[in-house]
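Before any comments, here is the structure.
Everything numeric in this text was worked out from a predicted model, so none of it was measured. Below, all heavy atoms of this structure are taken into account, side chains as well, without hydrogens, waters or symmetry copies.
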Amino acid sequence: MTEQAQTETRTGTGTPAETDAGTGAVAEAGSPVPAQAGPVDVDAPSVPVPAAAPVLAADPVPPADPVPATEAAPVPAPAKSRRVLWGIVRWTAAVLVCGGVGAGAAMGITAMERTDVPGLATESDGRWEYPELALPALPEGVQRPFTDGNEAEIHHTDVRKLLLPAPAGATVDPKLKGGWAGVDSYLAELTEQGRGEVKAYLADSALRHVAARGWTTPDGTSTRIHLLRFSSVAFAEDFKDEMAGRLVRSEWLPDGVETQEADAGTTQDVEVPYVAVYAYKEAEPYGPRQTRWSLIQAGDTFAVVTQTRKGGTLTVPFQQTVALQAQLLG
């Protein structure tokens, strides 16, 4: 055979191996790849060799015209595949770690209070922290006001138990600790000019009891609550109407107040079924202290909530106090 034929034979044998390696169509790793032993005589009879027959290392290989190992179809694909797979594994692990950290952070934030999260902390809106409230137990066989079986709207309980307790951090007034108080305790909240008329009116109104509680909070607000219980809902409602009418004429005002104006925000925001709520505040210009007060009538009981504070009263704690006291009576 000519040298050209030998060259073509070697080239025809090597080219497919290189192409397959580039496309990844080489047999699986570990499958034997026949190596060329040298010149091939095309006139020699063909000897069929099984495709899967491995080339044993013990077979003699003629030294003439050896084929370099690189031409024996090197297979870089498995190594490349391993590098790609290892990269995928690393990126997958990174994604899982980041995802886990993100999920953990999200769970941690949702479990925290808003004020504990940097950047999300919000200041208090001014509400006071009152203890948990509960209505007192009733004697057997009686109902609460505004329920079936109590059409007279009578509070069949100790009215002292219906007083709103002092909020956390407040200093209780030693004269108004939540017990019984005389009529004079309530009259002291009014101007001196109106005390005589109010006392005479109450004497004709079948007033039964007066209970009171007072406190001062760290923000300087002084609060007093008086509950006046009458013999019937008719007397309580009549006194409420008389008081509201007098206030319109700037009579029967709280002590130190010269002019008043309706506190429409409190009246509109505090809504308790079957309970009448009126709210007022001292009109400007006022002195070093401002006064706010509310009239609450629920069945046979009339309540007055009064707050004073140097520099001006605060809307939020006043509305909060009025709403809670109205709920205890409703």
Side-chain angles (χ1 to χ4, degrees), residues 145-146 150-155 159-160 162-164 176 180-214 223-268 270-283 290-308 313 318-319 321-323 325-330:
F146 319 114
N150 190 352
E151 289 77 9
E153 302 176 0
I154 300 297
H155 288 86
V159 72
R160 292 173 295 180
L162 297 177
L163 279 167
L164 183 67
L176 304 173
W180 298 119
V183 176
D184 291 340
S185 173
Y186 167 64
L187 295 177
E189 295 292 331
L190 306 176
T191 59
E192 188 173 355
Q193 296 86 342
R195 292 173 188 171
E197 290 184 347
V198 174
K199 186 173 184 178
Y201 195 94
L202 291 175
D204 296 334
S205 301
L207 178 65
R208 296 183 60 187
H209 305 294
V210 177
R213 174 173 283 127
T223 302
R224 284 92 60 200
I225 301 177
H226 288 81
L227 300 186
L228 287 69
R229 184 178 177 186
F230 293 86
S231 299
S232 70
V233 62
F235 285 110
E237 188 170 352
D238 183 69
F239 182 67
K240 178 258 299 180
D241 293 339
E242 184 68 22
M243 176 66 74
R246 294 296 187 105
L247 288 173
V248 172
R249 302 192 296 269
S250 293
E251 301 176 4
W252 296 7
L253 291 168
D255 189 29
V257 177
E258 296 182 358
T259 57
Q260 59 81 27
E261 60 182 359
D263 187 354
T266 301
T267 303
Q268 294 174 0
V270 179
E271 295 183 0
V272 180
Y274 310 109
V275 178
V277 177
Y278 301 88
Y280 309 86
K281 60 183 177 181
E282 185 177 2
Q290 185 190 29
T291 301
R292 284 197 192 202
W293 68 101
S294 175
L295 311 179
I296 304 172
Q297 187 255 319
D300 64 344
T301 304
F302 176 83
V304 181
V305 177
T306 307
Q307 286 190 351
T308 57
T313 55
F318 177 70
Q319 292 182 350
T321 303
V322 171
Q325 183 59 73
Q327 290 173 9
L328 285 174
L329 293 175

Which heavy atom of Asp255 sits nearest a heavy atom of Ala188, and at what distance?
CB-O, 4.2 Å
If I compare all heavy atoms of Leu202 with all of Val183, which pair ends up nearest, and what's the gap?
CD1-CG1, 4.0 Å
Is Ser231 reaching over with its side chain to a backbone N or O of Ala206, donor-acceptor style, under 3.5 angstrom?
yes
Working note: Thr223 + Leu164, criterion side-chain contact (heavy atoms from CB on, under 4.5 Å); need CA distance, chi angles, decisive distance, verdict.
CA-CA 11 Å; Thr223 302; Leu164 183 67; over 6 Å; no
For the residue pair Phe239 and Tyr201, does the interplanar ring angle fall in the parallel (under 30°), tilted (30 to 60°) or perpendicular (over 60°) class?
tilted
Nearest heavy-atom approach of Ser185 to Leu176 is OG-CD2, 3.4 Å
Student check: side-chain heavy atoms of Leu190 and Glu197 closer than 4.5 Å
no
Considering all heavy atoms of both residues, which atom of Val159 and which atom of Leu227 are nearest to each other, and what is their separation?
O-CD1, 3.5 Å
Between Phe230 and Leu207, does a side-chain contact (heavy atoms from CB on, under 4.5 Å) hold up when you go through it step by step?
CA-CA 4 Å; Phe230 293 86; Leu207 178 65; 4.0 Å; yes
Please report the shortest heavy-atom distance between Arg160 and Ala211, naming the atom on each side.
CG-CB, 3.8 Å
Per-pair distances, 0.1 Å, donor-acceptor, side chain in residues 296-306, under 3.5 Å, sequence neighbours excluded:
unit_1, atom_1, unit_2, atom_2, d
Gln297, NE2, Gly299, O, 2.9
Asp300, OD1, His155, N, 3.4
Asp300, OD1, His155, ND1, 2.7
Asp300, OD2, His155, N, 3.4
Asp300, OD2, Arg229, NE, 3.2
Thr301, OG1, His155, ND1, 3.3

CD on Glu153 to CD on Glu151, rounded to 0.5 Å:
9.0 Å
Run Val198 and Tyr186 through side-chain contact (heavy atoms from CB on, under 4.5 Å) and show every step you take.
CA-CA 10 Å; Val198 174; Tyr186 167 64; 4.1 Å; yes
Taking every non-hydrogen atom, the tightest pair across Gly182 and Val210:
O-CG1, 4.0 Å
Check: Gln307 side chain, Arg292 main-chain N or O, donor-acceptor pair, under 3.5 Å
no
Hey, are the side chains of Asp263 and Trp293 touching, using non-hydrogen atoms and a 4.5 Å cut-off?
no
Would you indicate whether Glu192, at its atom CD, is surrounded by more than 12 heavy atoms from other residues, nucleotides or ligands within a distance under 6.0 Å?
no
Let me see the working for Val272 and Val277 under side-chain contact (heavy atoms from CB on, under 4.5 Å), right down to the final yes or no.
CA-CA 8 Å; Val272 180; Val277 177; 5.7 Å; no
